[in-house]
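Numbers here simply count residues along the sequence, with the first being 1. Since the structure is predicted, the reported quantities are computational estimates derived from the model, not experimental observations.
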Amino acid sequence: MSGRFEAVTTPLDGLLVLTRRKMADERGFLSRLFCEDDLAAFGWQGRVAQLNETGTTFKGTVRGMHFQCPPHAEIKLVTCTRGRILDVAVDIREDSPTFLQHFAVELSEANACSLLIPQGFAHGFQALSDEVRMIYAHSHPHIAAAEGGLNPQDPALGIDWPLQVINLSPRDAAHPWLSPDYRGVAA
């Protein structure tokens, strides 16, 4: 345990599930969403260059699988502050022994978990409840020319979305399925 966070390793090197320790009393609670000093012990490097909040209205909606290509690759810390999601990260590091493997975890306001996603991963999620809210911390600002994506319904990824996929954006649906010669990104 490092301060306010406890890390659980995953089968994918560098990808961590963080549980936030809540400090609570009769008035309510405080849960730290980000602390540069604490998170450095788990692989966060540099500053928070961007902080985003998203809202997803309907259960079943899938967003992703997004990433930024080097030299604009980013570390992400993903937190669900309302509702429930299945959060998914796919290893797209070209020389990784777990290349194209994915890890999925439920994040919710109730379980106080976050997913710390290192560079070289594509990220997406499915809303498991209506009215989901999420906070993303990014180590690098978004660069439109560096963005990439994988089709979240590509059978090569093997993601078993628990609900029928709905509301896939035209951009996400347009990502082609992986070709046999796909090599990923440099880590």
- Message: If you define the side chain from C-beta out and look only at heavy atoms, does anything of Glu74 sit under 4.5 Å from Gln119?
- Response: no

- Verify same cluster id: Val48, Ile75 (apolar side-chain graph, 4.5 Å): yes

- Nearest 0.5 Å please: distance from the CG atom of Leu16 over to the CD1 atom of Ile117. 10.5 Å

- Message: Does Tyr182 have more than 12 heavy atoms from other residues, nucleotides or ligands lying within 6.0 Å of its OH?
- Response: yes

- Message: Main chain of Ser108, side chain of Asn111: is a donor-acceptor contact present, judged purely on distance under 3.5 Å?
- Response: yes

- Query: Are any side-chain N or O atoms of His175 and backbone N or O atoms of Pro152, one a donor and one an acceptor, separated by less than 3.5 Å?
  - Reply: no

- Task: Quick one: do Gln126 and Leu163 satisfy side-chain contact (heavy atoms from CB on, under 4.5 Å)? Show the steps, please.
- Result: CA-CA 8 Å; Gln126 183 174 51; Leu163 304 174; 3.7 Å; yes

- Is the shortest heavy-atom distance from the side chain of Val90 to the side chain of Phe121 under 4.5 Å? no

- Task: Find out whether Phe125 and Met134 are in side-chain contact, i.e. whether some heavy atom of one side chain is under 4.5 Å from a heavy atom of the other.
- Result: yes

- Message: Quick check: closest heavy atoms across Trp177 and Asp154, and the distance to 0.1 Å?
- Response: CA-OD2, 3.1 Å

- Message: Ignoring hydrogens, what is the shortest heavy-atom contact between Val88 and Ala104? Give both atom names and the distance.
- Response: CG2-CB, 3.9 Å

- Query: Can you check whether Val62 reaches Asn167 side chain to side chain, under 4.5 Å on heavy atoms?
  - Reply: no

- Query: How about Phe34 and Leu39: do any of their side-chain heavy atoms sit closer than 4.5 Å?
  - Reply: yes

- Task: State the CZ-CD1 distance between Phe67 and Ile92, to the nearest 0.5 angstrom.
- Result: 4.0 Å

- Could you tell me whether the side chain of Leu128 reaches within less than 4.5 Å of the side chain of Glu106, counting heavy atoms only? yes

- Locate the shortest heavy-atom distance separating Val165 from Gln153; write the atom from each residue and the value. CB-NE2, 3.5 Å

- side-chain contact (heavy atoms from CB on, under 4.5 Å) between Met65 and Asn151, intermediate numbers included: CA-CA 6 Å; Met65 305 295 296; Asn151 190 308; over 6 Å; no

- Message: Is there a continuous path of hydrophobic side-chain contacts, each under 4.5 Å between heavy atoms, that joins Val8 to Val105?
- Response: yes

- Message: Test your reading of the model: is there a side-chain donor-acceptor pair from Asp130 to the backbone of Lys59, 3.5 Å cut-off?
- Response: yes

- Side-chain donor or acceptor of Ser169 paired with backbone N/O of Asp172 under 3.5 Å: yes

- For Arg84, does its backbone N or O pair with a side-chain atom of Ser129 as donor and acceptor, under 3.5 Å? yes

- Query: Within a strict 4.5 Å, meaning less than it, do heavy atoms of the Arg21 and Glu6 side chains meet?
  - Reply: no

- Item | Between His142 and Glu147, a side-chain donor and acceptor under 3.5 Å | yes

- Thr61 side chain to Thr56 backbone, donor-acceptor under 3.5 Å: no

- Query: Should Phe103 and Ile159 be regarded as members of a common hydrophobic cluster, given that ILVMFWY residues are connected when their side-chain heavy atoms come within less than 4.5 Å of each other, either directly or indirectly?
  - Reply: no

- Message: Show the nearest heavy-atom pair for residues Val185 and Gly120, with the distance to one decimal.
- Response: CG2-CA, 4.1 Å

- Query: Of the non-hydrogen atoms in Asp87 and Gly124, which two are nearest, and what is the gap between them?
  - Reply: OD1-O, 3.4 Å

- Do you see a donor-acceptor pair shorter than 3.5 Å between the side chains of His66 and Arg171? yes

- Task: Output the distance between atom CZ (Phe5) and atom OG1 (Thr19), rounded to the nearest 0.5 Å.
- Result: 10.5 Å

- Message: Tell me whether Asp160 at atom CG has more than 12 heavy atoms from other residues, nucleotides or ligands lying less than 6.0 Å away.
- Response: no

- Note on the structure: Tightest non-hydrogen contact, residues Glu109 and Lys22, listed as O-NZ, 3.7 Å

- Task: For the pair Leu157 and Leu178, evaluate side-chain contact (heavy atoms from CB on, under 4.5 Å) and give the outcome as yes or no after the intermediate values.
- Result: CA-CA 9 Å; Leu157 299 178; Leu178 295 175; 3.8 Å; yes

- Item | Note, Thr79 side chain near Tyr136 side chain (heavy atom, < 4.5 Å) | no

- Hey, could you give me the CG/CG distance between Leu12 and Asp91, rounded to the nearest 0.5 Å? 6.0 Å

- Message: Regarding His138 and Asn52, do their side chains bring together a donor and an acceptor under 3.5 Å, going by distance alone?
- Response: yes

- Could you state whether Leu100 and Trp161 fall into the same hydrophobic cluster, counting links through intermediate Ile, Leu, Val, Met, Phe, Trp or Tyr residues with side-chain heavy atoms under 4.5 angstrom apart? yes

- Message: Working to the nearest 0.5 angstrom, can you tell me the gap between Gln101 CD and Leu15 CG?
- Response: 11.5 Å

- Message: Using a 6.0 Å cut-off, check whether atom CD of Glu53 has over 12 heavy atoms from anything other than its own residue.
- Response: yes

- Item | Residue pair Arg20 / Ser114, side-chain donor-acceptor N/O under 3.5 Å | yes

- Message: Distance check, rounded to the nearest 0.5 Å: Gln50 atom CD versus Lys76 atom NZ?
- Response: 10.0 Å

- Query: Passes side-chain contact (heavy atoms from CB on, under 4.5 Å), Leu115 versus Leu77? Steps please.
  - Reply: CA-CA 6 Å; Leu115 192 60; Leu77 181 65; over 6 Å; no

- Is Phe42 reachable from Trp44 through a run of hydrophobic residues whose side-chain heavy atoms are each under 4.5 Å from the next? yes

